Amino acid sequence: GQNIDQPTEMTATEGAIVQINCTYQTSGFNGLFWYQQHAGEAPTFLSYNVLDGLEEKGRFSSFLSRSKGYSYLLLKELQMKDSASYLCAVRDRAGGSYIPTFGRGTSLIVHP
Amino acid sequence: DTGVSQNPRHKITKRGQNVTFRCDPISEHNRLYWYRQTLGQGPEFLTYFQNEAQLEKSRLLSDRFSAERPKGSFSTLEIQRTEQGDSAMYLCASSFGTGGAGELFFGEGSRLTVL
């Protein structure tokens, strides 16, 4: 199985940049996802990395290093609406089912 | 709306009762997942279907839980003899294959409260 670790909570100021880290251990890595989840709502897909490097999508970027078992989500120009939980999920091909396993999430609080 | 639909959205029941949740995935998605989420935690995998076949089931899932996906369309998750520890948000998600990202699309969830 996977062991996924991410910080429980982070705070940042509106307009700033924040980096949320995720480390993982898996035997059959097949992709890493970041999801955003506002309180009381369903998770929504933000980004996907399967190869090493940086993927940029607007204000959000995600980085992956497979050799280090490490990823981060970078949020730029923070807005109040970015206050949410950010979930790191790793997909493993063990058993052939390719099921994503989620970390516990990082609660981001953006203050004025 | 062509997203993932779940119902009921909320269910309050007494301990020992049976409950059933329904999930209607995005129509062209062949993969369907059930997860459970409690406050402050990430979604925890319960079970997975590819078309109508249930291919994976979490070892944490007790035999009080059963899921079906007849004809590879909608799915139901039944919990028998509910316990207070079953109180959680039950999330359904669907995806299409694993080509590209194959990201999961989640429904709004069914919140279960067991009294």
Side-chain angles (χ1 to χ4, degrees), chain A residues 1-9 20 22 24 26 28-51 55 57 60 62 64 71 73 84-109, chain B residues 1 3-7 9-10 21 23-26 29-51 53-61 88-111 113:
Chain A
Q2 297 88 26
N3 184 17
I4 301 169
D5 191 37
Q6 50 181 132
T8 302
E9 186 175 295
I20 303 174
C22 172
Y24 64 89
T26 185
F29 179 81
N30 188 253
L32 185 144
F33 301 84
W34 285 96
Y35 284 80
Q36 180 190 61
Q37 186 176 27
H38 285 101
E41 298 183 9
T44 56
F45 171 74
L46 288 178
S47 69
Y48 167 72
N49 296 72
V50 68
L51 300 176
E55 295 284 341
K57 191 186 293 185
F60 293 4
S62 57
L64 175 68
S71 173
L73 180 69
S85 179
Y86 290 86
L87 300 161
C88 173
V90 176
R91 187 168 62 197
D92 192 301
R93 60 174 173 268
S97 292
Y98 300 84
I99 296 168
T101 298
F102 285 80
R104 63 184 300 161
T106 298
S107 178
L108 175 65
I109 301 168
Chain B
D1 183 54
V4 178
S5 175
Q6 292 187 245
N7 65 82
R9 294 290 309 281
H10 303 274
F21 301 117
C23 172
D24 288 89
I26 295 171
H29 285 182
N30 59 342
R31 298 163 70 93
L32 187 146
Y33 310 76
W34 285 97
Y35 286 83
R36 175 173 62 191
Q37 187 176 29
T38 53
L39 195 63
Q41 301 296 316
E44 174 191 31
F45 171 72
L46 294 179
T47 191
Y48 155 70
F49 291 84
Q50 183 163 319
N51 300 310
Q54 186 175 20
L55 298 184
E56 283 287 332
K57 190 174 176 181
S58 170
R59 285 170 290 182
L60 302 175
L61 205 63
M89 175 73 85
Y90 289 84
L91 293 167
C92 175
S94 68
S95 70
F96 183 71
T98 54
E103 69 269 27
L104 271 60
F105 292 81
F106 283 88
E108 295 292 333
S110 293
R111 181 170 296 283
T113 301

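All values below were derived from every heavy atom in this structure, side-chain atoms included, with hydrogens, water molecules and symmetry-related copies excluded. None of these values were measured; they are calculated from a predicted model. So that the names make sense, note that chain A is the first sequence line, chain B the second, and so on, each numbered from 1.
For the side-chain contact (heavy atoms from CB on, under 4.5 Å) with Thr106(A), the qualifying choice from Cys22(A), Cys88(A), Pro7(A), Ser85(A) is Pro7(A), the only one to do so.
Under a 3.5 Å cut-off, the side chain of Gln6(B) and the backbone N or O of Cys92(B) do form a donor-acceptor pair.
Proximity to chain A (any heavy atom under 4.5 Å) is shown, for Phe105(B), by neither the backbone nor the side chain. With a 4.5 Å cut-off on non-hydrogen atoms, Leu39(B) does not touch chain A at all. Only the side chain of Gln37(A) comes within contact range of chain B, with at least one heavy atom under 4.5 Å from a heavy atom of that chain.
Between Phe60(A) and Tyr86(A), the ring planes lie perpendicular to each other; the angle is over 60°, past the 30° to 60° tilted range.
Your options are Pro43(A), Ala42(A), Gly31(A), and the one with the most heavy-atom pairs under 4.5 Å with chain B is Pro43(A).
The salt bridge (charged side-chain N to carboxylate O under 4.0 Å, His left out) pairs that include a residue from residues 35-44 of chain B are Arg36(B)-Glu44(B), where partners are two or more places apart or lie in different chains.
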